[in-house]
Amino acid sequence: MAESPLRLTRKSEYAGPVLPPSRPDRNIALELIRVTEAAAIAAARWAGRGDKYAADGAAVDAMRFVLGAVAMDGVVVIGEGEKDKAPMLYNGEQIGDGRPPQVDVAVDPIDGTTLTAAGRNGAISVIALSERGTMFNPGPCFYMKKIAVGPRGRGSVDVNASATDNLTELSKRLKKPVQELGVVILDRPRHDDLVAEVREAGARVLSITDGDVAGAIATGWPNSGADVLLGIGGTPEGVIAAAALKGLGGEIQGVLHAQSDEVRKEAEALGYDFKRVLMTDDLVASDNCFFSATAITDGDFLRGVRFYDFGATTQSLVVRSRSGTVRTIETFHRHDKLQEFTTAGF
């Protein structure tokens, strides 16, 4: 019988003394800002230049370089893919300097590579972290049907209910007419019927071409205009969004979606269940998770990277679930200092 794939663990390869496991009691997210800032600045140099692969490569290089100095014993649960296709930040890679705490790590150097390449709004660099063995491992399941809401909408939606029913219940919970609800949906042909239903119900469709991590976070961010995210998107992005929404007080639900019969058979042989509803705590089981995002281009809740003669400025969102703290941080980066702490393309 196949072993459950829902958690990924690896023994540390740190060469120092063997230390007992420890909980991540310090706010590591404040250290992770440096990671997403570095990736965002590297990617921003490629914004609008039409080459999403170069942008992504620059962000990966910068993120991996800075991650090596973070005091943690991390394993990449969600990264750039399998080792044979991703030379850095691959699934299962050991990152950090090897010291406790032991943690699972999910990274997306660019959530919105197409947005970055085109110079459009909404691209961010993100990283999420939780205690070892608590982060859902998507395995071969790249897609999931999702619904995400902010703190006021939590408990009012059901991923298996129709869009119409969810909008009706969310309208009651938020005490606002359905006609005023903002519904984030990825612009994909597979969502044509969903978009039609949402419009028939009277709600407003907020169409995004890429970046459904940012779309999910927007539902939990005041004054973003987004009340709910609906549709089929990436499973890795769902896990990352769960870490952020835990701290924001929101909720995400998902059901795995197979893009082919072959994928379904492969995943079911590994123990994945395509009928099970994955709640926020299934995606990230820890009550002590961390999330950091830095905007590459302008978005609903963060301003993108700006370049000046002195260097660059960034805006970041930092979330910790245990304390419920949500911080927005603006940072000024001098060119000479960027050159000192990384060789990754600055």
Side-chain angles (χ1 to χ4, degrees), residues 10-45 55-80 83 86-111 124-132 135 240 243 288-296 305 311-320 327 329-346:
R10 290 283 283 275
K11 293 183 179 179
S12 171
E13 296 176 1
Y14 173 54
V18 177
L19 300 172
S22 63
R23 294 172 65 86
D25 289 327
R26 72 184 192 277
N27 193 348
I28 302 176
L30 295 176
E31 301 171 49
L32 298 179
I33 295 174
R34 295 187 298 116
V35 176
T36 55
E37 286 175 343
I41 293 172
R45 289 186 176 277
D56 191 56
V60 170
D61 288 347
M63 179 173 278
R64 183 63 180 84
F65 186 90
V66 180
L67 270 171
V70 178
M72 65 179 183
D73 176 5
V75 173
V76 177
V77 175
I78 293 172
E80 292 293 284
K83 184 175 182 179
M88 288 193 296
L89 297 179
Y90 57 83
N91 299 345
E93 182 178 1
Q94 299 280 149
I95 57 175
D97 68 1
R99 289 179 290 175
Q102 295 181 335
V103 292
D104 288 342
V105 182
V107 299
D108 196 348
I110 302 181
D111 176 49
I124 59 176
S125 175
V126 297
I127 186 169
L129 183 152
S130 65
E131 296 168 87
R132 179 68 57 82
M135 196 171 279
I240 295 172
N288 192 25
C289 55
F290 307 82
F291 174 85
S292 175
T294 301
I296 300 168
V305 176
T313 61
T314 56
Q315 284 193 350
S316 302
L317 173 69
V318 185
V319 180
R320 184 183 186 184
R327 295 177 172 91
I329 297 175
E330 182 166 15
T331 308
F332 292 76
H333 308 266
R334 280 169 40 193
H335 274 310
D336 57 337
K337 294 300 180 182
L338 286 175
Q339 302 266 356
E340 287 177 12
F341 82 74
T342 181
T343 59
F346 291 102

* Derivation of the side-chain contact (heavy atoms from CB on, under 4.5 Å) call for Val75 and Glu93 -> CA-CA 6 Å; Val75 173; Glu93 182 178 1; over 6 Å; no
* To do: Could you tell me which residues satisfy side-chain hydrogen bond (donor to acceptor under 3.5 Å, both in side chains) with Ser125, sequence neighbours excluded, listed by chain and number?
  => none
* To do: Under the side-chain hydrogen bond (donor to acceptor under 3.5 Å, both in side chains) rule, collect the residues that match up with Thr331, sequence neighbours excluded.
  =>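 For Thr331 the side-chain hydrogen bond (donor to acceptor under 3.5 Å, both in side chains) partners, ignoring immediate neighbours, are Glu37.
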* **Donor-acceptor pair, side chain of Asp104 and main chain of Val77, under 3.5 angstrom** => no
* Please answer whether the main-chain N or O of Pro101 pairs with a side-chain N or O of Asp73 as donor and acceptor at a distance below 3.5 Å. =>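 Side chain of Asp73 to backbone of Pro101: no pair is present.
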* Taking only residues two or more places apart in sequence or in another chain, which ones pass side chain to side chain contact (heavy atoms under 4.5 Å, CB included) with Ala43? -> Ala59, Ile110, Ile296
* **Heavy-atom pair of closest approach, residues Ala44 and Val305** => CB-CB, 3.6 Å
* **Side-chain donor-acceptor contact under 3.5 Å, His333 with Thr314** => yes
* Asked: Are Thr36 and Ser292 close enough that a side-chain donor and a side-chain acceptor fall under 3.5 Å?
  ->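 Thr36 vs Ser292: donor-acceptor pair found between side chains.
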For residues [X] and [Y], determine if any side-chain heavy atom of one lies less than 4.5 Å from a side-chain heavy atom of the other.
| X | Y | answer |
| --- | --- | --- |
| Phe290 | Arg320 | yes |
| Val70 | Arg34 | yes |
| Met72 | Val103 | yes |
| Ile240 | Phe291 | yes |
| Val76 | Ile95 | yes |
| Ile329 | Val318 | yes |

* Asked: Could you state the interatomic distance from CG (Leu32) to CE (Met63), rounded to the nearest 0.5 Å?
  -> 9.0 Å
* Asked: Out of Asp108, Ile127, Asp61, Leu67, which one pairs with Leu89 under the side-chain contact (heavy atoms from CB on, under 4.5 Å) rule?
  -> Leu67
